[in-house]
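All values derive from a computational prediction rather than experimental measurement. The analysis underlying the following values was restricted to heavy atoms, covering all of them including side chains, and did not include hydrogens, waters or symmetry mates.
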Protein chains: 2
Amino acid sequence: MKNVSLKDIALKVGTSISTVSLVLNGKGKKVRISDALSRKIKTVAKKEGYHPNKMAIALRTGKSNIIGLLVDNISGHFFAALAEVIEREVDHYGYKVIYCSSGNELRKGKELIRLLHQHQVDGYMIIPVAGMEKEISELEEHGKPVVLLDSYFSKTQSTHVLVDNYGGISTAVTHLIQRGYQKIAFVYNNLAMIQMKERKRAFSDTLKQAGIKTAPELILKVPLTDNRQEQVLKIKTFLDAAKPEAVLFAANYLGVQGLEAIHNLQLKIPDDIGVICFDDHELFSLHQPAITVVQQPVQELAKTAVAILMAKLGHEETTSKESAELQATFIERQSTTYKK
Amino acid sequence: MKNVSLKDIALKVGTSISTVSLVLNGKGKKVRISDALSRKIKTVAKKEGYHPNKMAIALRTGKSNIIGLLVDNISGHFFAALAEVIEREVDHYGYKVIYCSSGNELRKGKELIRLLHQHQVDGYMIIPVAGMEKEISELEEHGKPVVLLDSYFSKTQSTHVLVDNYGGISTAVTHLIQRGYQKIAFVYNNLAMIQMKERKRAFSDTLKQAGIKTAPELILKVPLTDNRQEQVLKIKTFLDAAKPEAVLFAANYLGVQGLEAIHNLQLKIPDDIGVICFDDHELFSLHQPAITVVQQPVQELAKTAVAILMAKLGHEETTSKESAELQATFIERQSTTYKK
DNA sequence: CTGAAAGCGCTTACAG
DNA sequence: CTGAAAGCGCTTACAG
């Protein structure tokens with residue numbers, strides 16, 4: 001059973017394809033097609049179950065009304081929070097979203113950008129992977145608007161929306177110091193992108209400014225490519241050796257793994273070790289004790305990014321098309337009460 | 001800057017569009033196009049950065065090489081686990097996935113099926129919503145293969161892949177009884193679909209078979225439409241009034257909310273109350289104490305569903321195209337040790 | 001070995 | 001008020 005096309009309708013009604021197209025696109029009034037014909041066309045279209053072929057429209061008009069969203073990990077917590085908002089927001093403008101995840105692999109990321117391009121998506125929202133600069137510039141040269149999420153490349157000037165990573169970590173470290181923690185450990189990963197670099201930089205700077213010297217043995221870089229098991233083990237070994245008074249995890253998944261490591265070590269939070277995490281997770285507020293976090297304004301990030309992209313696509317003239325850096329929210333829970 | 005098309009290449013090389021198409025599709029050898037020309041075409045195509053327009057191909061061939069995946073909730077845990085596997089599996093066959101989420105709303109679900117249809121997806125994987133029977137039958141009448149996930153309609157014969165819900169719950173209840181729990185509560189939701197009905201049925205049957213009579217005040221149905229806050233409150237009020245020895249949550253998100261309610265009530269697990277949940281969650285294994293669960297074989301579900309869909313699409317003749325019911329895995333952790 | 005032509009389903013000037 | 005025609009980028013018989 002074939003899909004019904006404009007031609008089928010035209011044949012049934014006894015008119016031309018153009019007329020059917022005009023009517024079904026609501027332009028009947030404008031070109032003054034008779035009410036009788038209009039009604040008849042609409043009736044037949046409905047009865048036959050006509051659905052326009054979006055592929056054909058995209059091919060003809062050059063616009064697909066699809067936004068490509070390339071994230072690092074489609075099963076991650078950040079994506080889960082993001083996707084919902086983005087989907088709802090772009091829907092207001094009649095756009096749909098195609099998601100894909102790079103797994104933080106350059107090769108995969110490049111491939112997916114090409115794929116999205118081949119599918120003629122109108123605009124891109126991308127969590128960039130190191131080394132992707134060229135592909136992104138090419139999209140922009142092709143006239144396709146791009147908004148980078150969560151990170152950006154310092155050398156290129158693509159529009160980006162992200163949280164104030166430096167400020168967020170700085171607040172966290174300051175909080176720990178005020179609570180009386182001195183020997184503070186930092187666990188981050190080897191993502192060679194600005195958001196992680198900023199977090200690391202903020203950690204070192206803030207300690208230095210407080211007159212605390214940072215020992216390299218209090219800093220752990222966990223490779224992204226390790227599997228979960230290995231990562232937990234590395235964190236465990238690290239904490240066991242370094243014996244910090246508090247630990248700051250630079251990403252929520254590291255925090256989750258960190259908690260597992262801490263449980264394995266049978267350490268009590270916050271008595272044996274204070275814990276704070278950059279980026280919230282469902283698990284943290286439910287954990288006993290609940291984990292203090294620096295929360296990213298995910299809703300706001302998504303909304304801002306969509307607004308900018310829509311502005312670039314010619315909707316919503318009011319919105320600025322500039323990059324944005326949003327403030328993180330510090331949430332103190334029970335994992336950072338120093339007891340000594 | 002325009003995208004480069006076959007025509008552009010043909011013009012540059014000084015040959016015809018057909019020849020370029022043939023060569024670039026690897027059919028050059030078959031129709032014996034000269035090596036010299038082939039090489040030249042390939043070189044120019046690469047230099048110009050040619051990418052085939054998938055829309056045009058889809059329009060022309062009637063195949064989009066896209067699978068539509070309609071889930072209940074794109075930010076849910078089940079989706080997160082599913083998406084990754086499905087994406088990887090269908091990739092082997094050259095397919096891509098478009099995701100959308102119905103939010104368990106019939107109206108939204110219907111709309112999304114229409115949308116996927118308009119985008120000419122070749123096959124569907126759907127977590128069905130009550131009332132969707134007609135739309136799904138229509139897809140099948142249009143010759144589009146469909147595999148239902150997680151549930152199905154008892155009246156229609158669509159292919160489906162799901163876990164043995166009845167068996168899973170039955171195991172859980174039996175376990176509780178063996179551990180000495182008698183007053184067992186059941187928390188489920190008002191999803192009017194087979195998976196939830198089966199879980200409910202299994203709960204009542206198993207208790208009855210053990211000679212324990214089920215009191216209606218030990219059963220709570222939490223409306224899906226309530227917001228999270230309300231749901232937690234309802235569970236809390238319910239547990240406080242019913243004072244069960246153990247509680248079985250019929251879905252992982254209910255378990256997560258249930259834990260919050262239990263913490264609010266200051267009840268100790270497993271001393272004050274035993275807890276078991278159908279469907280695992282990252283949070284459960286990390287929780288103190290870790291929560292006993294009935295785990296769905298998500299990987300296997302996804303793989304099976306993909307295999308069946310691909311078989312229906314004409315790949316992989318070896319695979320059966322029959323519906324499948326997979327066994328759940330019971331994982332005993334520390335939340336169900338009766339202490340009295 | 002290679003090219004001209006039709007056609008997928010649509011939109012949009014253009015002509016009448 | 002309505003229709004014939006071109007063209008988006010591609011594939012695929014068909015002809016030579």
Side-chain angles (χ1 to χ4, degrees), chain A residues 1-42 45 48-66 117-122 142-143, chain B residues 1-42 45 48-66 117-122 142-143:
Chain A
M1 190 176 167
K2 249 178 85 299
N3 283 330
V4 5
S5 68
L6 287 183
K7 197 166 147 192
D8 299 328
I9 314 258
L11 233 55
K12 271 221 159 84
V13 176
T15 180
S16 74
I17 297 176
S18 348
T19 305
V20 177
S21 170
L22 256 14
V23 169
L24 261 25
N25 282 316
K27 294 180 186 159
K29 275 270 168 329
K30 215 168 75 194
V31 294
R32 280 173 299 187
I33 287 168
S34 67
D35 272 13
L37 222 200
S38 281
R39 250 197 313 277
K40 194 166 169 195
I41 289 173
K42 283 179 189 158
E48 299 291 314
Y50 172 72
H51 293 314
N53 182 327
K54 298 276 186 188
M55 298 285 191
I57 296 175
L59 184 58
R60 174 59 224 237
T61 63
K63 313 187 71 324
S64 62
N65 283 302
I66 295 178
H117 179 202
Q118 290 179 162
H119 282 284
Q120 316 297 122
V121 310
D122 293 336
H142 277 279
Chain B
M1 191 174 166
K2 253 178 84 299
N3 283 329
V4 4
S5 68
L6 287 183
K7 199 167 145 193
D8 299 329
I9 314 261
L11 233 56
K12 268 217 163 88
V13 176
T15 180
S16 74
I17 297 176
S18 347
T19 305
V20 177
S21 170
L22 256 16
V23 170
L24 261 25
N25 283 316
K27 294 180 185 158
K29 274 269 166 337
K30 215 169 73 194
V31 294
R32 280 173 298 188
I33 287 168
S34 65
D35 272 13
L37 222 200
S38 282
R39 250 197 312 277
K40 195 165 169 199
I41 288 173
K42 283 180 190 158
E48 298 291 314
Y50 173 72
H51 295 313
N53 182 327
K54 298 275 186 188
M55 299 284 190
I57 296 175
L59 184 59
R60 173 62 224 236
T61 63
K63 314 187 72 324
S64 62
N65 283 302
I66 295 178
H117 178 202
Q118 290 180 162
H119 281 285
Q120 316 296 121
V121 309
D122 294 336
H142 276 279

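- Rounded to the nearest 0.5 angstrom, B:Ser21 OG and B:Ile9 CD1 are separated by 11.5 Å.
- Sequence neighbours left out, the pairs with a member in residues 10-31 of chain B that pass salt bridge (charged side-chain N to carboxylate O under 4.0 Å, His left out) are B:Lys12-B:Glu48, B:Lys29-B:Asp35.
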Revision key, fill the gap. Each nucleotide of nucleotides 8-16 of chain D classed B (base within 4.0 Å of a protein heavy atom), S (only sugar-phosphate) or -, in 5' to 3' order, makes BBBBB----
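- Distance B:Leu37 CG to C:dC1 P: 11 Å, rounded to the nearest Å.
- With sequence neighbours excluded, no residue forms a salt bridge (Lys or Arg N to Asp or Glu O under 4.0 Å) with A:Lys7.
- For A:Asn65, there are no side chain to side chain donor-acceptor pair (under 3.5 Å) partners, not counting sequence neighbours.
- Nucleotides C:dC10 and D:dG3 place their C1' atoms 16 Å apart, quoted to the nearest Å.
- Looking at DNA chain C, the stems built from 3 or more consecutive Watson-Crick or G-U wobble pairs, each pair with its key distances under 3.5 Å, are C:1-3 with D:14-16, C:5-12 with D:5-12, C:14-16 with D:1-3.
- Applying the salt bridge (charged side-chain N to carboxylate O under 4.0 Å, His left out) test to every pair with at least one member in residues 53-62 of chain B, sequence neighbours left out, gives no pairs at all.
- Listed by chain and number, the residues in a ring-ring contact (aromatic ring centres under 6.0 Å, His included) with A:His117 are A:His142, B:His51 (sequence neighbours excluded).
- The phosphate of D:dT2 (OP1 or OP2) has no side-chain N or O of A:Thr19 nearer than 4.0 angstrom.
- By the side chain to side chain contact (heavy atoms under 4.5 Å, CB included) test, A:Leu37 is found to be paired with A:Val13, A:Thr15, A:Thr19, A:Ile33, A:Ser34, A:Ile41, residues two or more places apart in sequence or in another chain being considered.
- In this structure, the side chain to side chain contact (heavy atoms under 4.5 Å, CB included) partners of B:Lys63, at least two apart in sequence or on a different chain, are B:Thr61, B:Tyr95, B:Asp122.
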